[in-house]
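First the structure, in the form of structure tokens, and then the observations on it.
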Protein chains: 2
Amino acid sequence: MVARYELIADELRDEILSGAHPVGSQLPSEAELAERHGAARGTVRQAIAVLAAEGLVGSRQGARRIVLGRTRSQSFAELHSFAQWARANGYRFGGQVVAQRRRVSRGGEYTRLGSEEVLEVLRVRTLEGEPVLLERTVYAEWVAAAVERLPAGCESVTEALYESVGLVFAYGEHLIDAVPAGAQDSRLLGVRRGSPLLRQRRTTTTHEGRPVETSDDRYRAGSVAFSIRNSIGANPLVRQAGDLRFRAGEHMFES
Amino acid sequence: MVARYELIADELRDEILSGAHPVGSQLPSEAELAERHGAARGTVRQAIAVLAAEGLVGSRQGARRIVLGRTRSQSFAELHSFAQWARANGYRFGGQVVAQRRRVSRGGEYTRLGSEEVLEVLRVRTLEGEPVLLERTVYAEWVAAAVERLPAGCESVTEALYESVGLVFAYGEHLIDAVPAGAQDSRLLGVRRGSPLLRQRRTTTTHEGRPVETSDDRYRAGSVAFSIRNSIGANPLVRQAGDLRFRAGEHMFES
DNA sequence: TAAAGGAACTTGTACAAACAAGCGAGCACC
DNA sequence: GGTGCTCGCTTGTTTGTACAAGTTCCTTTA
């Protein structure tokens, strides 16, 4: 059963994306939309809230809503899953586990994951045949067994874990910065030592807030960029000073 | 006049941040909160929606809401304004215009800003006395005059433009990646050539969708990181391949 | 003992109504 | 001509009600 406001949101989004409501133009008023769809004003407002969260429309009290753009920002699933993102954009991609071992948690891992024993996995991801991403992931003990059962060349860890144990990654926290490539980075990604890498450190939890994994992902410069669309009122982004949360130079596999 | 749901949201947020509702614990039900605050359930739902957008709480239909975290993601204003972010976090900061000139727009600038003539400004921002950020900003013609009137050492451009011409930066689009420092970058930021910089390219518009500026900001590695919190359903982030929108190597002031 | 069923609770969706607050255009006045 | 004002429109906030859908836990049943 799809909610009514979602249907209305879909229809409005299509109209915007198709150009029926050009960028900069005014959207019909809530009352007009409500009448057209035979719905209450509150329902229409809910539909429009969806589009506003996507950054498609903006509004000010008293004035008609305005179309802001036609490029829709995508879902959290795509942010989290390299495979889903690559597939959605039609890229050839792959992945390979380079190293995998269990060990006791150290540093801030116990605080973040809540388990004494953890599973650490080192994966290289390729895009169009080129290695572009190095993932250093640490899994909490309760998912370790499921991760170990995955094949080394598993394309999408996110999807595989959903299918095998019904695990859904629901919430995430991300820190994005730039770092010079270390010895292992340069070897596995095929770049010079010290060349720039885009680093994304994340901690993911389930719906219930149960920590699943914490990861240090490094992208080759130029291969990918993070894109953010936001507006006043709907904005999950903040700049943070230096390394408040992760210790500088704390590498997971170096030793 | 502050809306009621905002007051309730503030109170709930305080309770979470103060530890009255620890991470992982259940929030009171909507009905309970409604009764406690003497408000309708819909109003309480609005308040909770604010916290959900901030990533503080998560919810599933049928089950009680759960506290996900205690670090609140900040406002868009802070993402946009270096000064506001630095001040809110108690850092000493400064800024200095290095170069400023009018020229005709080139490359994708005309498409993004919609004006033939533009004003380009090169600013260095310091944090705790150290240069950490190099801003290469291009303003649309209609704000150029107001920007030129600002003092060279203006601390907060965002605030100054609001006070002088009532300009409010409302919406933004951001691309974040890593690049090696060029000759000018290394000279002004005091780093070695080729060392990693965190680059944020953005285009900002007003409420009405009118483009104000497009900018290429480069942060010294280790000085700042971007932090993102998100949950399924409320997520403005997407990965993008290479340089789909901005041409690689298109520097504004090199020459 | 384990599975099935159901009842109470909780969140999600939808509708209707009313007032507040801000915007924009047209009008009257100076 | 331009200034200020009013009026209608539009979005923002709040309340109340009703039902749908999912969760949790206890009870019943095989």
Side-chain angles (χ1 to χ4, degrees), chain A residues 1-12 21 24-53 56-68 166 168 170-171 206-210 231-234, chain B residues 1-12 21 24-53 56-68 162 166-168 170-171 206-210 231-234:
Chain A
M1 188 53 192
V2 181
R4 188 100 109 92
Y5 76 89
E6 287 182 350
L7 296 177
I8 298 176
D10 289 344
E11 194 174 321
L12 266 176
H21 300 301
S25 71
Q26 292 188 334
L27 228 53
S29 75
E30 294 177 1
E32 199 177 325
L33 290 170
E35 197 190 5
R36 184 196 303 175
H37 292 89
R41 196 182 144 217
T43 307
V44 171
R45 277 183 71 82
Q46 238 175 314
I48 295 176
V50 174
L51 303 187
L56 290 179
V57 303
S59 61
R60 287 138 69 210
Q61 183 174 129
R64 281 278 262 271
R65 257 173 265 261
I66 284 181
V67 178
L68 288 175
V168 176
Y171 303 99
T206 66
H207 280 295
E208 297 84 20
R210 191 177 188 190
S231 53
I232 289 184
Chain B
M1 188 51 193
V2 181
R4 188 101 110 92
Y5 74 89
E6 286 183 350
L7 297 177
I8 299 177
D10 289 344
E11 196 174 320
L12 267 177
H21 299 301
S25 71
Q26 293 187 335
L27 227 54
S29 74
E30 293 177 0
E32 199 178 324
L33 289 171
E35 197 191 5
R36 184 195 304 175
H37 291 90
R41 195 183 143 217
T43 308
V44 170
R45 278 183 70 81
Q46 260 186 100
I48 294 176
V50 173
L51 303 188
L56 290 180
V57 303
S59 60
R60 288 139 69 210
Q61 183 174 122
R64 282 278 259 271
R65 257 173 266 261
I66 284 180
V67 178
L68 289 176
Y162 174 70
L167 179 61
V168 176
Y171 304 98
T206 65
H207 280 295
E208 296 84 19
R210 192 176 187 191
S231 52
I232 290 185

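Throughout, a chain's letter reflects where its sequence line sits, starting with A, and its residues are numbered from 1.
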* Under 4.0 Å between a side-chain N/O of B:R64 and OP1 or OP2 of C:dT10, yes or no? -> yes
* Asked: Quick one: is D:dT10 close enough that its OP1 or OP2 comes under 4.0 Å of any side-chain N or O from A:S59?
  ->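 For D:dT10, OP1/OP2 do not have a side-chain N/O of A:S59 under 4.0 Å.
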Using atom [atom1] of [X] as one end and atom [atom2] of [N] as the other, report the distance to the nearest whole Å.
| X | N | atom1 | atom2 | result |
| --- | --- | --- | --- | --- |
| B:H37 | D:dT13 | NE2 | C1' | 17 Å |
| B:E35 | C:dC9 | CD | C1' | 15 Å |
| A:L33 | D:dT10 | CG | C1' | 12 Å |
| B:E30 | D:dG16 | CD | C1' | 15 Å |
| B:I66 | D:dT24 | CD1 | C1' | 13 Å |
| A:Y5 | C:dT11 | OH | C1' | 12 Å |
| B:I8 | D:dT13 | CD1 | C1' | 12 Å |

Can you name the nearest heavy-atom pair linking [X] to [Y], along with the distance?
| X | Y | result |
| --- | --- | --- |
| B:S29 | B:R64 | N-NE, 3.5 Å |
| B:T43 | B:Y5 | O-CB, 3.6 Å |
| B:L51 | B:A9 | CD2-O, 3.8 Å |
| B:R4 | B:H37 | NH1-O, 3.2 Å |

* To do: Could you check whether B:A31 gets within reach of a base, just the sugar-phosphate, or nothing at all, counting any heavy atom under 4.0 Å?
  =>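 Counting heavy atoms under 4.0 Å across all strands, no contact is made by B:A31.
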* Contact residues, residues 41-51 of chain B to DNA chain C [heavy atom, < 4.0 Å] -> B:R41, B:R45
* **Side-chain heavy-atom pair B:H21, B:L27 within 4.5 angstrom cut-off** =>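 Yes; the side chains approach each other to less than 4.5 Å.
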* Asked: Does the side chain of B:L56 reach to within under 4.5 Å of the side chain of B:L12, using non-hydrogen atoms?
  ->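 No, their side chains stay 4.5 Å or more apart.
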Which nucleotide in the list [options] gets nearest to the side chain of [X]?
| X | options | answer |
| --- | --- | --- |
| A:R65 | D:dT11, D:dT15, C:dT11 | D:dT11 |
| B:Q61 | D:dT11, C:dG12, C:dA16 | C:dG12 |
| A:R60 | D:dG12, C:dT11, C:dC23 | C:dC23 |
| B:A63 | D:dT15, D:dT23, C:dA21 | D:dT23 |

* Can you tell me if CD on A:E35 sees more than 12 non-hydrogen neighbours from other groups inside 6.0 Å? ->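 It does not: A:E35 CD has 12 such atoms or fewer within range.
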* Asked: For DNA chain C, whose closest nucleotide is more 5', that of A:R4 or that of B:S29?
  ->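 The 5'-side residue here is B:S29.
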